[in-house]
**Student:** 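My structure is below; once you've seen it, I'll send some questions.
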Amino acid sequence: CGESVEFGVDERLRERAFGDFEGLSVKELQDRFAARYEEWRETGECPLAGVESRGAVGSRVAECVSDHFAEVEGVLVVVSHGSALTQGLVKILGLDPLAWQGLRGLDNCHWSTVIPYSRKPGWRLVSHNIGAPEVPGSALPSLA
């Protein structure tokens, strides 16, 4: 990118914790946790299975982004998992991830762009779920 880039790791950017559901296929979830799995599919929440709430995920990711943005000049690139980033983005935009689900989750290798804004909530969403265009005949998307 023609500039020096600093990398860092922050635990607050980890993916949403799915408790008892971690590592299981849909069939395994349906066989072992049918009622809890249905609750999660209907509401997006299931505290009895140890699923981290969307609100908690949104708060920790938004806090992380705000903390790091305050320390940089220019562009801050944040890399994490789709659900964590989406919940953090909702929170950054001043919405409640538990009550508002109007943003589709980020696909793999996709991004959103937010910029500081003078009015509340202090950020403006410029783009969401953007990916590099694919090159015909290529197994990987082009970054050109």
**Student:** So does F18 get a backbone contact from the side chain of E22, meaning a donor-acceptor N/O pair under 3.5 Å?
**Tutor:** yes

**Student:** Parallel under 30°, tilted from 30 to 60°, perpendicular over 60°: which one fits the rings of F21 and W40?
**Tutor:** perpendicular

**Student:** List the steps, then state whether side-chain contact (heavy atoms from CB on, under 4.5 Å) holds for D67 with C64.
**Tutor:** CA-CA 5 Å; D67 288 352; C64 177; 5.9 Å; no

**Student:** For residues 68-81, run the donor-acceptor check on the side chains, cut-off 3.5 Å, and write out each pair with its distance to 0.1 Å, sequence neighbours left out.
**Tutor:**
from : atom 1 : to  : atom 2 : distance (Å)
H68  : NE2    : D10 : OD2    : 2.8
S80  : OG     : L13 : O      : 2.3

**Student:** In Å, rounded to the nearest 0.5 Å, how long is the span from CG of L106 to OG of S112?
**Tutor:**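 Going from CG on L106 over to OG on S112, the span is 4.5 Å.
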
**Student:** So, taking the atom named CZ in R12 and the one named CZ in R14, what distance separates them when rounded to the nearest 0.5 Å?
**Tutor:** 10.0 Å

**Student:** Let me see the working for E45 and L98 under side-chain contact (heavy atoms from CB on, under 4.5 Å), right down to the final yes or no.
**Tutor:** CA-CA 9 Å; E45 303 292 328; L98 288 170; 3.2 Å; yes

**Student:** Can you tell me how far apart CH2 (W100) and NZ (K91) are? Round to the nearest 0.5 Å.
**Tutor:**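 If we round to the nearest 0.5 Å, W100:CH2 and K91:NZ are 14.0 Å apart.
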
**Student:** Once you round to the nearest 0.5 Å, how far does NE2 of H110 lie from NE2 of H128?
**Tutor:**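 Those atoms lie 10.0 Å apart.
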
**Student:** May I ask you to test the L85-L89 pair for a side-chain heavy-atom distance under 4.5 Å?
**Tutor:** no

**Student:** What pair of heavy atoms forms the shortest contact from P97 to G58, and how long is it?
**Tutor:** CG-CA, 4.3 Å

**Student:** So, for W123 and L93, which heavy atoms are closest and what is the spacing to 0.1 Å?
**Tutor:**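 Looking at all heavy atoms of both residues, the closest pair is O-CD2, 4.1 Å.
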
**Student:** If I take atom CD from residue Q87 and atom CD1 from residue I92, how far apart are they, to the nearest 0.5 angstrom?
**Tutor:** 11.5 Å

**Student:** Is a side-chain N or O of E15 found less than 3.5 angstrom from the main chain of A84, in a donor-acceptor match?
**Tutor:**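 Judged by distance alone, yes, a pair lies under 3.5 Å.
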
**Student:** Same cluster for V51 and V90 if Ile/Leu/Val/Met/Phe/Trp/Tyr side chains link at under 4.5 Å?
**Tutor:** no

**Student:** In chain order, what residues pass the side-chain hydrogen bond (donor to acceptor under 3.5 Å, both in side chains) check against N129, with sequence neighbours excluded?
**Tutor:**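 Partners of N129 by the side-chain hydrogen bond (donor to acceptor under 3.5 Å, both in side chains) criterion, ordered by chain and then number, come out as D107.
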
**Student:** In Å, rounded to the nearest 0.5 Å, how long is the span from CZ of R60 to CD of E11?
**Tutor:** 9.0 Å

**Student:** Heavy atoms, side chains only, cut-off 4.5 Å: are R36 and L29 in contact?
**Tutor:**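 They are not in contact (no side-chain heavy atoms under 4.5 Å apart), so the answer is no.
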
**Student:** Just so I know, are the side chains of I130 and T113 near enough to count as touching, which here means a heavy-atom distance under 4.5 Å?
**Tutor:** no

**Student:** Any side-chain heavy atom of L125 within less than 4.5 Å of one from L103?
**Tutor:**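 Side-chain contact under 4.5 Å: yes.
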
**Student:** If only atom types and distance count, is the side chain of E28 paired as donor or acceptor with the main-chain N or O of S25 below 3.5 Å?
**Tutor:**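 Between the backbone of S25 and the side chain of E28 there is a qualifying donor-acceptor contact (under 3.5 Å).
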
**Student:** Do R16 and R54 make a side-chain contact, defined as non-hydrogen atoms from C-beta onward lying under 4.5 Å apart?
**Tutor:** yes

**Student:** State, to 0.1 Å, how close A62 and G88 come at their nearest heavy-atom pair, and which atoms those are.
**Tutor:**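 Where A62 meets G88 most closely, the heavy atoms are CB-O, 3.9 Å.
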
**Student:** Taking side chain as C-beta onward, heavy atoms only, is D20 less than 4.5 Å from F33?
**Tutor:**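 Yes, at least one pair of side-chain atoms sits under 4.5 Å.
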
**Student:** Under 4.5 Å between any side-chain heavy atoms of P47 and E39, yes or no?
**Tutor:** yes

